[in-house]
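Here's the structure we're looking at; comments come further down.
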Protein chains: 2
Amino acid sequence: MVQQAQSTLGDVAKAAGVSLATASRVLNGTASVGPALRDRVKRAAERLAYSPNAHAQALARSSSRTVGVICHDVGDPYFAGIARGVMRAANRHDLQVVLGSTFRDPDREAAYTSMMRGHRVCAMLLIGSGFEDRERQEGLRRELDRYRATGGRVAVISRHRGLRADAVLPENREGAADLARALLGLGHRRFAVLSGPPLLSTVVDRVEGFLEALADAGVTVEREDIVEAPSPVTAVTRPLSGSSAAVCAPPASSPRPTSWPRVRSRPCAT
Amino acid sequence: MVQQAQSTLGDVAKAAGVSLATASRVLNGTASVGPALRDRVKRAAERLAYSPNAHAQALARSSSRTVGVICHDVGDPYFAGIARGVMRAANRHDLQVVLGSTFRDPDREAAYTSMMRGHRVCAMLLIGSGFEDRERQEGLRRELDRYRATGGRVAVISRHRGLRADAVLPENREGAADLARALLGLGHRRFAVLSGPPLLSTVVDRVEGFLEALADAGVTVEREDIVEAPSPVTAVTRPLSGSSAAVCAPPASSPRPTSWPRVRSRPCAT
DNA sequence: CTGTTAGCGCCTTCAG
DNA sequence: CTGAAGGCGCTAACAG
């Protein structure tokens with residue numbers, strides 16, 4: 001099979017015997033064009049199997065209707081569920097979506113953000129726990145600030161540490177504290193904590209909230225009774241989210257108890 | 001906050017006191033540049049928070065490392081799982097992914113394919129059952145053929161009807177037939193079929209396979225005993241895949257029995 | 001209404 | 001090793 005070249009607007013215009021501008025106009029409905037010409041253009045476009053080059057358009061218009069979505073892992077039901085909502089919204093608003101799965105690698109996350117900045121996405125959505133990594137976190141903040149400085153919008157879910165952005169935040173710390181208090185109320189006094197990888201902020205938050213609430217009641221947990229699962233639990237049919245092994249908060253992907261998680265929506269001052 | 005303009009390669013070049021070409025070269029590592037200039041360019045780029053415009057690049061290079069993925073619904077564990085694998089592969093090969101969820105709307109599917117053609121993705125992946133719709137199916141075929149004619153690669157999962165493309169195909173018909181025979185072997189003689197929406201090819205295939213196997217044994221199913229769930233079953237915590245209500249094949253998202261599904265991988269002659 | 005003409009931001013020969 | 005210039009495909013003023 002021969003690799004034909006994609007036909008361009010110029011080709012269409014020529015084939016229709018009109019100017020480039022006219023062709024562009026009818027194909028975009030930008031301005032009214034005589035029925036005769038319009039018809040010829042449309043016919044030519046169809047005949048040449050014309051498909052407007054989105055890059056050229058984006059460049060010429062210097063804008064594009066695409067948003068970037070970055071999550072830890074679309075395969076995770078938690079993220080998949082959110083992604084689903086994003087896709088529905090995208091459909092509704094006729095937006096394109098470029099997706100990134102970091103697989104919980106902070107470097108990959110950084111790579112994605114800059115790649116999306118390069119793509120000039122009009123908005124960026126970061127979903128999932130941040131990382132406990134001073135330097136990288138700082139780098140991310142800078143990158144996002146640059147992005148916002150040139151008109152980009154960024155929103156985050158479940159991460160807040162030093163990111164100036166619209167955010168929806170599950171109250172991990174509070175939720176874990178509630179759990180601790182509930183357990184205390186039941187009369188328990190000795191605890192062990194099975195937590196997730198401590199490089200995830202959400203994990204740290206939950207453990208801290210849990211321990212603090214205990215501490216307030218004069219209960220302490222032995223260091224050795226806090227065990228950290230090095231990575232998401234995968235010994236199940238479907239991978240669970242990063243912190244699913246944390247006993248101090250239900251897995252994000254489990255059915256949401258009536259009162260959990262409490263979510264705080266924090267708009268970002270522009 | 002003021003909406004600053006993104007700085008361009010030109011800006012960087014000017015700030016570094018070099019030509020556009022040189023700036024381009026150091027930023028792309030395309031050719032060797034004197035250490036002095038190289039340093040000035042890099043510094044300028046950093047200072048200006050330069051981010052190469054991907055669209056401009058794609059246009060100039062007339063190529064881009066992005067692939068398109070279209071599925072029925074990323075929120076569905078079945079598709080989420082596949083998407084996960086796609087993302088991993090994309091990461092490995094440094095490919096960008098633009099994602100589409102059709103929510104089982106054939107029109108939206110068509111919109112996505114042409115949108116991705118416009119984006120000049122280097123490959124397109126269609127995941128999930130096709131639709132039983134002569135006309136639309138034909139339209140899709142034409143669109144994909146045009147895409148392939150200009151160098152595009154297309155692969156499909158779980159759909160075959162008249163699409164010339166690399167494919168991995170679960171053997172719905174055969175699997176359903178197997179099930180029927182197994183049931184017959186158990187001594188059953190009266191059947192009812194709870195199936196999915198009949199506009200999905202996979203559903204039709206399964207039902208047909210099931211009924212045919214029964215027919216071969218001289219067993220028929222009353223028309224009224226074949227009930228079609230109009231849409232995917234959603235009365236569960238997580239949405240199941242389109243055909244999950246079909247009794248003649250396990251839901252795609254359920255743990256895979258040792259011997260199911262049988263998958264056929266059909267490479268596409270180029 | 002229709003055509004001409006600049007760019008959009010970057011890459012890439014082609015000379016020097 | 002470095003710079004100048006043409007072009008990628010399309011849009012958006014401007015003139016007719």
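A note on names: the letters A, B, ... follow the listed sequences, proteins ahead of strands, and every chain is numbered from 1.
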Scan residues 41-58 of chain B against DNA chain D and write down, sorted by residue number, each residue with any heavy atom closer than 4.0 Å; if none is found, say none.
none
Under the side chain to side chain contact (heavy atoms under 4.5 Å, CB included) criterion, do B:S51 and B:Q6 qualify, and how do the steps go?
CA-CA 8 Å; B:S51 168; B:Q6 253 292 13; 3.7 Å; yes
From CA spacing to verdict: side chain to side chain contact (heavy atoms under 4.5 Å, CB included), A:R141, A:L144
CA-CA 5 Å; A:R141 197 189 58 61; A:L144 291 184; 6.0 Å; no
What is the separation between atom CG on B:L59 and atom P on D:dG9, rounded to the nearest whole Å?
7 Å
Let me see the working for B:R104 and B:L200 under side chain to side chain contact (heavy atoms under 4.5 Å, CB included), right down to the final yes or no.
CA-CA 9 Å; B:R104 301 197 174 72; B:L200 295 179; 4.3 Å; yes
Hits for side-chain contact (heavy atoms from CB on, under 4.5 Å) against B:T8, two or more places apart or cross-chain, chain-then-number order -> B:D11
Span of DNA chain C, from the first to the last nucleotide whose atoms fall under 4.0 Å of chain A heavy atoms:
C:dC1 to C:dG9
Indicate every side-chain donor-acceptor pair of residues 127-134 of chain A with a distance under 3.5 Å to a residue at least two apart or in another chain.
{"residue": "A:S129", "atom": "OG", "partner": "A:S201", "partner atom": "N", "Å": "3.0"}
{"residue": "A:S129", "atom": "OG", "partner": "A:T202", "partner atom": "N", "Å": "3.1"}
{"residue": "A:S129", "atom": "OG", "partner": "A:T202", "partner atom": "OG1", "Å": "3.2"}
{"residue": "A:E132", "atom": "OE2", "partner": "A:R161", "partner atom": "NE", "Å": "3.0"}
{"residue": "A:E132", "atom": "OE2", "partner": "A:R161", "partner atom": "NH2", "Å": "3.0"}
{"residue": "A:E132", "atom": "OE2", "partner": "A:S201", "partner atom": "OG", "Å": "2.8"}
{"residue": "A:D133", "atom": "OD1", "partner": "A:E135", "partner atom": "N", "Å": "3.3"}
{"residue": "A:D133", "atom": "OD1", "partner": "A:R136", "partner atom": "N", "Å": "3.1"}
{"residue": "A:D133", "atom": "OD2", "partner": "A:R136", "partner atom": "NH1", "Å": "2.4"}

State the CD-CE distance between A:E143 and A:M124, to the nearest 0.5 angstrom.
7.0 Å
Where do N or O atoms of nucleotides 3-7 of chain D meet protein N or O atoms at under 3.5 Å, pair by pair?
{"residue": "D:dG3", "atom": "OP2", "partner": "B:S19", "partner atom": "N", "Å": "3.2"}
{"residue": "D:dG3", "atom": "OP2", "partner": "B:S19", "partner atom": "OG", "Å": "3.4"}
{"residue": "D:dG3", "atom": "OP2", "partner": "B:T22", "partner atom": "OG1", "Å": "2.6"}
{"residue": "D:dG3", "atom": "N7", "partner": "B:R25", "partner atom": "NH2", "Å": "2.7"}
{"residue": "D:dG3", "atom": "O6", "partner": "B:R25", "partner atom": "NH1", "Å": "3.3"}
{"residue": "D:dG3", "atom": "O6", "partner": "B:R25", "partner atom": "NH2", "Å": "3.3"}

Hits for side-chain contact (heavy atoms from CB on, under 4.5 Å) against A:A155, two or more places apart or cross-chain, chain-then-number order -> A:L125, A:D166
List for me each residue that meets side-chain hydrogen bond (donor to acceptor under 3.5 Å, both in side chains) alongside A:N53, sequence neighbours excluded, and say none if there are none.
none
Report which part of the nucleic acid B:L9 touches: base, sugar-phosphate, or nothing (heavy-atom distance under 4.0 Å, all strands).
sugar-phosphate
Those residues of residues 27-35 of chain A lying under 4.0 Å from DNA chain C by at least one heavy atom:
A:S32, A:V33, A:G34
Output for pair (B:C71 SG, B:I157 CD1), nearest 0.5 Å, gives 10.0 Å
Nearest-Å distance, CZ (B:R120) to C1' (D:dC10)?
11 Å
If I take atom CG from residue B:L99 and atom CD from residue A:Q96, how far apart are they, to the nearest 0.5 angstrom?
12.0 Å
Per the end-axis method with five pairs at each terminus, what is the bend angle of the helix from C:dC1-D:dG16 to C:dG16-D:dC1, to 10°?
40°
So the side chain to side chain donor-acceptor pair (under 3.5 Å) pairs with at least one residue in residues 21-45 of chain B (sequence neighbours excluded) are B:S19-B:T22, B:S24-B:N28, B:D39-B:R43
Sequence neighbours left out, what pairs pass ring-ring contact (aromatic ring centres under 6.0 Å, His included) with at least one residue falling in residues 82-124 of chain A?
A:H119-B:H55
Gap between atom CD1 of B:I70 and atom OG1 of B:T102 - 0.5 Å precision
8.0 Å
After noting the C-alpha distance and the side-chain angles of A:L140 and A:L126, does the key distance pass the side chain to side chain contact (heavy atoms under 4.5 Å, CB included) rule?
CA-CA 11 Å; A:L140 179 61; A:L126 263 64; 4.1 Å; yes
Select base, sugar-phosphate, or nothing to describe what B:S62 touches, counting heavy atoms under 4.0 Å on all strands.
nothing
Residues passing the side-chain contact (heavy atoms from CB on, under 4.5 Å) test with A:R47, sequence neighbours excluded, are A:A44
